[in-house]
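One structure is given here, and the rest of the page talks about it.
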Amino acid sequence: MAVYKRTYKGYDGVLTPPWSRFLIVPRSSFGRLFQSKFLVMYLVACFFYPLGCTAFIYISHNLSFLQTLNIPAGQALVINARFFQLFCGFQGALAYLLTAFVGPGLVAPDLANNALPLYFCRPFSRVEYVLGKMSVLLSLLSLITWVPGLILFLIQSSLAGSEWMHSNLWIASAIFVGLLLWDVVLSLIALALSAWVKWRIAAGALILGVYFAGAGFGTAINSIVRTKYGTLIDLAQVMSNIWSEMFRSETPPDVPVSDAWIALGVACAICLWLLAKRVKAFEVIK
């Protein structure tokens, strides 16, 4: 621009509120994710089990249908805390597979293409970056976990009556808190491993490895040392123990629930430490 043509001036329009700047990241990420036909088909498949549970709830309250099938009413499925705990376990496993597919593509491409300096040269902090990336995965995981779980609870409440709903509101809170906690743990694991492994396929395999290797090593430790505390490195089993307490299961957990909470907290702390080490505005190459 010539010196005498000083027509440039700074932007004086409306600025994005600081509290919502992290939402810029998921806004651009969702469009790229849903271009994958496999992801769309997998999300659709994740709703088959909730639909089956919905049909089961309806059948258990429809005595005429049970009589048509010659099933005594006393042998019908009882919709209780155990029913919703099984739902959490099944949908939680599907959520882990979804994490292995979506998680590696969140942070790894930014590191591989040195895009982090472009983020942080703007008024955008590391916490907002992590929250933005995590919100992408949390939204997808919530869509197949606690959202259909609460819908099932509402369907059961509408058929069983308000008295059942008021006496079992703790089940709704267990569904929401338990599955949301699992979603947050999965998101942290995916972001941490994606930040350290730039190759997407390897990062996805490593996320699956944490799930299956933890179960294998935990079983091996329990067999060799003759203890049950090897379960603490199996995150799926740790979460199952926590769900057992939330849903007031009569089956005693393998390890004390307090130890399961500590193991889950340590896993989350390690993931946050790994993210803090890698998510920076610059990278020192030695």
Side-chain angles (χ1 to χ4, degrees), residues 45-63 65-66 69 71-99 138 141-187 211 214-215 218 228 231-232 234-265 267-268:
C46 288
F47 292 107
F48 288 166
Y49 184 72
L51 287 175
C53 291
T54 303
F56 230 55
I57 291 174
Y58 175 77
I59 292 174
S60 66
H61 290 278
N62 195 329
L63 298 180
F65 185 83
L66 294 176
L69 298 177
I71 300 177
Q75 297 178 5
L77 174 68
V78 178
I79 309 300
N80 52 16
R82 178 62 179 170
F83 173 84
F84 290 101
Q85 184 179 351
L86 291 175
F87 171 86
C88 290
F90 189 87
Q91 293 299 110
L94 295 180
Y96 206 107
L97 295 177
L98 179 62
T99 303
L138 272 178
L141 295 178
S142 299
L143 191 63
I144 66 172
T145 54
W146 62 266
V147 171
L150 291 181
I151 292 175
L152 288 177
F153 179 83
L154 292 176
I155 293 174
Q156 166 64 12
S157 299
S158 65
L159 294 175
S162 58
E163 183 178 353
W164 185 93
M165 182 184 68
H166 291 311
S167 60
N168 292 278
L169 279 176
W170 61 272
I171 296 179
S173 63
I175 294 171
F176 175 73
V177 175
L179 286 175
L180 182 60
L181 177 64
W182 181 235
D183 294 345
V184 171
V185 172
L186 293 181
S187 300
Y211 186 86
K228 293 184 179 181
T231 306
L232 295 178
D234 182 2
L235 290 179
Q237 190 61 40
V238 167
M239 200 67 226
S240 178
N241 290 338
I242 294 176
W243 284 337
S244 296
E245 181 192 38
M246 289 183 173
F247 287 98
R248 304 175 185 178
S249 175
E250 297 179 357
T251 304
D254 297 334
V255 294
V257 179
S258 58
D259 294 340
W261 278 103
I262 293 174
L264 204 64
C268 292

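Contact detail for A260 and N241: the closest heavy-atom pair is CB-CB, 4.3 Å. Nearest heavy-atom pair across S158 and I155 is OG-O, 2.7 Å. The two residues V255 and K228 make their nearest non-hydrogen contact at CG1-O, 3.1 Å. The shortest non-hydrogen separation linking G178 to M239 is O-CE, 3.6 Å. The shortest heavy-atom contact between V185 and C268 is CG2-SG, 3.8 Å.
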Margin query: For S187 and L141: C-alpha separation, side-chain torsions, deciding distance, then whether side-chain contact (heavy atoms from CB on, under 4.5 Å) applies.
Written below: CA-CA 9 Å; S187 300; L141 295 178; 3.9 Å; yes
Checklist line | side-chain contact (heavy atoms from CB on, under 4.5 Å) evaluation trace for C53 with F83 | finding: CA-CA 9 Å; C53 291; F83 173 84; 3.7 Å; yes
Notebook entry, point to check: W261 and E245: side-chain contact (heavy atoms from CB on, under 4.5 Å), yes or no, with the steps?
Noted result: CA-CA 11 Å; W261 278 103; E245 181 192 38; 3.6 Å; yes
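At a threshold of 4.5 Å between non-hydrogen side-chain atoms, the residues P50 and F87 count as touching.
Interatomic distance, M165 CE to Q156 CD, rounded to the nearest 0.5 Å: 11.5 Å. Rounding to the nearest 0.5 Å places CD1 of I144 at 6.0 Å from CG of L94. Once rounded to the nearest 0.5 Å, the distance linking CG of L98 with CG of L186 reads 9.0 Å. Atom CG of D183 sits about 3.5 Å away from atom OG1 of T145, to the nearest 0.5 Å. Atom CD1 of I175 and atom CG of L152 lie 7.5 Å apart (nearest 0.5 Å). Here the CG-CD1 distance, from L159 to I57, works out to 7.5 Å after rounding to the nearest 0.5 Å.
Aromatic ring pairs are classed by plane angle as parallel below 30°, tilted from 30° to 60° and perpendicular above 60°; the pair W182 and W243 is perpendicular.
Between the N168 side chain and the W164 main chain, a donor and an acceptor come within less than 3.5 Å of each other. Using a distance-only test at 3.5 Å, with no hydrogens or angles considered, a donor-acceptor pair links the side chain of S157 to the main chain of F153. Q85 places no side-chain N or O within donor-acceptor distance of the main-chain N or O of R248, the cut-off being under 3.5 Å. Although no hydrogens or angles enter the test, the distance criterion places no donor-acceptor pair under 3.5 Å between the side chain of Q237 and the main chain of T231.
Under the side chain to side chain contact (heavy atoms under 4.5 Å, CB included) criterion, F176 pairs with W146, L150, L180, sequence neighbours left out.
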